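Contents: one structure, followed by commentary.
To find a chain, count down the sequence lines: A is the first, B the second, and so on, and within it residues start at 1. Remember, predicted model here, so these are calculated numbers, not experimental data. FYI, side chains are in, hydrogens and waters are out, and symmetry mates aren't considered; it's all heavy atoms of this structure.
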Number of protein chains: 2
Amino acid sequence: MNAIEVLAQAGIRPTPQRLAVAEFVLAGRTHPTADEVFAAVQHTCPTISRATVYNTLRLLVNKGLLREQVLREGVTVFDAERTAHHHFVDEETGQIHDVPWEALKVYGADQLGGFEVHDLQVVLRGRRRRA
Amino acid sequence: MNAIEVLAQAGIRPTPQRLAVAEFVLAGRTHPTADEVFAAVQHTCPTISRATVYNTLRLLVNKGLLREQVLREGVTVFDAERTAHHHFVDEETGQIHDVPWEALKVYGADQLGGFEVHDLQVVLRGRRRRA
DNA sequence: TCCGGTGTTGGACACATTCTAACTTTGGAC
DNA sequence: GTCCAAAGTTAGAATGTGTCCAACACCGGA
């Protein structure tokens with residue numbers, strides 16, 4: 001399914017600007033910031049403005065095509081992986097890696113009196129070992 | 001142990017500004033942002049500058065008296081609880097609550113090939129039920 | 001008392017993000 | 001095709017968080 005179809009299916013009018021953003025952000029396995037998206041999209045759509053990138057990213061988040069993650073200091077990153085998973089943050093490079101949901105088991109979240117949990121993830125920080 | 005002793009023991013010269021910051025930030029069970037600390041400390045120390053608040057908070061973090069947490073969008077919050085624990089973020093109010101380490105069990109983090117985990121926490125998001 | 005080091009200050013700066021007001025494009029209605 | 005209103009886009013201004021910097025204040029020791 002290409003980007004046009006994805007947007008249309010979500011009820012988003014597929015303008016060239018939105019397509020450029022969606023193609024970049026839904027394709028890769030990265031966790032880009034809004035500014036990284038802006039920089040990348042300028043190659044294919046040089047007149048696009050920052051505001052449109054922010055607007056489009058928010059739109060994609062609201063329609064559930066993208067998730068917003070608070071993982072790096074000072075910036076918001078976006079995650080195209082929509083199924084539940086955990087995150088590993090490399091403390092040296094700031095890079096964020098997805099950790100499959102099945103790789104970790106969390107017990108006890110349903111027994112927290114007073115808290116209605118909508119979302120849960122394990123955030124790991126450390127160093128990525130060289131291969 | 002009062003704030004003067006705490007700072008002295010950490011090898012920090014206890015100036016009035018640092019005491020004001022330390023007294024506020026080490027006392028409460030809140031997770032304040034730097035700006036909230038600044039606002040609060042101005043009541044007891046009206047001439048303090050933003051720079052000193054940031055400098056002092058960083059100093060306290062470096063000396064291990066405080067932890068920096070990336071939990072809210074766009075801002076860094078500080079946490080006086082130094083032992084390992086998890087966090088619950090209220091999606092409506094943005095308030096952050098500590099979840100005791102023993103309340104949740106996480107398995108599998110030591111079997112992640114390629115990742116050397118230094119720190120781990122579960123981040124829960126949802127709504128706090130009224131009591 | 002003088003001096004060097006440490007700490008503080010306020011303002012300038014940098015960056016991420018949102019807002020605004022004007023402009024462009026689109027999809028009908030005629 | 002022409003017109004219009006709605007939707008989308010744009011550049012730049014504004015806001016908010018955090019850092020940097022140069023000048024000043026304070027303290028302890030010679």
Side-chain angles (χ1 to χ4, degrees), chain A residues 3-4 7-8 10-25 30-63 65-79 94 96, chain B residues 3-4 7-8 10-25 31-42 44-63 65-79 94 96:
Chain A
I4 295 183
L7 293 195
I12 299 173
R13 186 129 68 99
T15 68
Q17 290 88 339
R18 289 172 177 172
L19 283 172
V21 170
E23 265 159 16
F24 174 72
V25 90
T30 62
H31 297 75
T33 65
D35 219 60
E36 285 162 5
V37 176
F38 178 57
V41 164
Q42 274 184 314
H43 295 142
T44 60
C45 184
T47 68
I48 199 168
S49 79
R50 234 169 265 271
T52 297
V53 172
Y54 278 94
N55 287 343
T56 303
L57 289 172
R58 181 157 12 160
L59 195 56
L60 295 177
V61 169
N62 288 343
K63 295 293 185 180
L65 297 179
L66 211 54
R67 289 173 53 129
E68 221 171 331
Q69 293 283 352
V70 181
L71 288 170
R72 274 171 56 180
E73 291 182 15
V75 287
T76 300
V77 302
F78 295 89
D79 190 341
I96 296 163
Chain B
I4 294 182
L7 293 193
I12 300 174
R13 185 128 68 97
T15 67
Q17 290 88 339
R18 288 172 176 171
L19 283 172
V21 170
E23 266 159 16
F24 174 72
V25 90
H31 297 75
T33 66
D35 221 60
E36 285 162 4
V37 176
F38 178 56
V41 164
Q42 274 184 315
T44 61
C45 184
T47 68
I48 200 169
S49 78
R50 229 170 269 271
T52 297
V53 172
Y54 278 94
N55 286 344
T56 303
L57 289 172
R58 182 160 10 169
L59 195 55
L60 295 177
V61 168
N62 288 343
K63 295 294 185 180
L65 298 179
L66 211 54
R67 289 173 55 128
E68 222 171 330
Q69 294 283 351
V70 181
L71 290 170
R72 274 170 57 178
E73 293 182 14
V75 287
T76 301
V77 302
F78 295 89
D79 191 340
I96 296 162

To the nearest 0.5 angstrom, please state how far the [atom1] atom of [X] sits from the [atom2] atom of [Y].
{"X": "A/Ile4", "Y": "A/Ile12", "atom1": "CD1", "atom2": "CD1", "value": "13.0 Å"}
{"X": "A/Tyr54", "Y": "A/Asp35", "atom1": "OH", "atom2": "CG", "value": "5.5 Å"}
{"X": "A/Thr47", "Y": "A/Gln17", "atom1": "OG1", "atom2": "CD", "value": "6.0 Å"}
{"X": "B/Glu73", "Y": "A/Gln69", "atom1": "CD", "atom2": "CD", "value": "10.5 Å"}
{"X": "A/Thr52", "Y": "A/Leu59", "atom1": "OG1", "atom2": "CG", "value": "11.5 Å"}
{"X": "A/Glu36", "Y": "A/His31", "atom1": "CD", "atom2": "NE2", "value": "11.5 Å"}

Suppose we screen for salt bridge (Lys or Arg N to Asp or Glu O under 4.0 Å). Which residues come up paired with B/Arg13, at least two apart in sequence or across chains?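 Per chain and number, B/Arg13 pairs via salt bridge (Lys or Arg N to Asp or Glu O under 4.0 Å) with no residue.
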Partners passing side chain to side chain donor-acceptor pair (under 3.5 Å) against A/Thr76 (at least two apart in sequence or in another chain): none
Sequence neighbours excluded, which residues qualify as side chain to side chain donor-acceptor pair (under 3.5 Å) partners of A/Asn55?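 Side chain to side chain donor-acceptor pair (under 3.5 Å) list for A/Asn55, sorted by chain: empty.
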Between protein and nucleotides 18-22 of chain D, what N or O pairs are separated by less than 3.5 Å?
residue, atom, partner, partner atom, Å
D/dG18, OP1, B/Thr76, N, 2.8
D/dG18, OP1, B/Thr76, OG1, 3.4
D/dG18, OP2, B/Tyr54, OH, 3.1

Mind checking which nucleotides bracket the chain B contacts on DNA chain C, 5' to 3', with an atom under 4.0 Å from a heavy atom?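 Contacts span C/dT6 to C/dG10, reading 5' to 3'.
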Separation of D/dA7 atom P from A/Ile12 atom CD1, nearest Å, is 15 Å
Measure the distance from CD1 on A/Ile48 to P on D/dA11 and round it to the nearest whole Å.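 In whole Å, D/dA11 P lies 10 Å from A/Ile48 CD1.
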DNA chain D-proximal residues of residues 13-23 of chain A, any heavy atom under 4.0 Å: A/Arg13, A/Thr15, A/Gln17, A/Arg18
Think A/Thr52 has a side-chain N or O under 4.0 angstrom from the OP1 or OP2 of D/dT10?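 For A/Thr52, the contact criterion (side-chain N or O under 4.0 Å from OP1 or OP2 of D/dT10) is met.
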Would you say A/Thr47 reaches D/dT10's phosphate, i.e. side-chain N/O to OP1/OP2 under 4.0 Å?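 So the side-chain polar atoms of A/Thr47 do come within 4.0 Å of the phosphate oxygens OP1 or OP2 of D/dT10, strictly under.
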Non-hydrogen atoms of A/Val37 and A/Phe24 that approach each other most closely: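 Scanning both residues completely, I find the closest heavy atoms to be CA-CE2, 3.9 Å.
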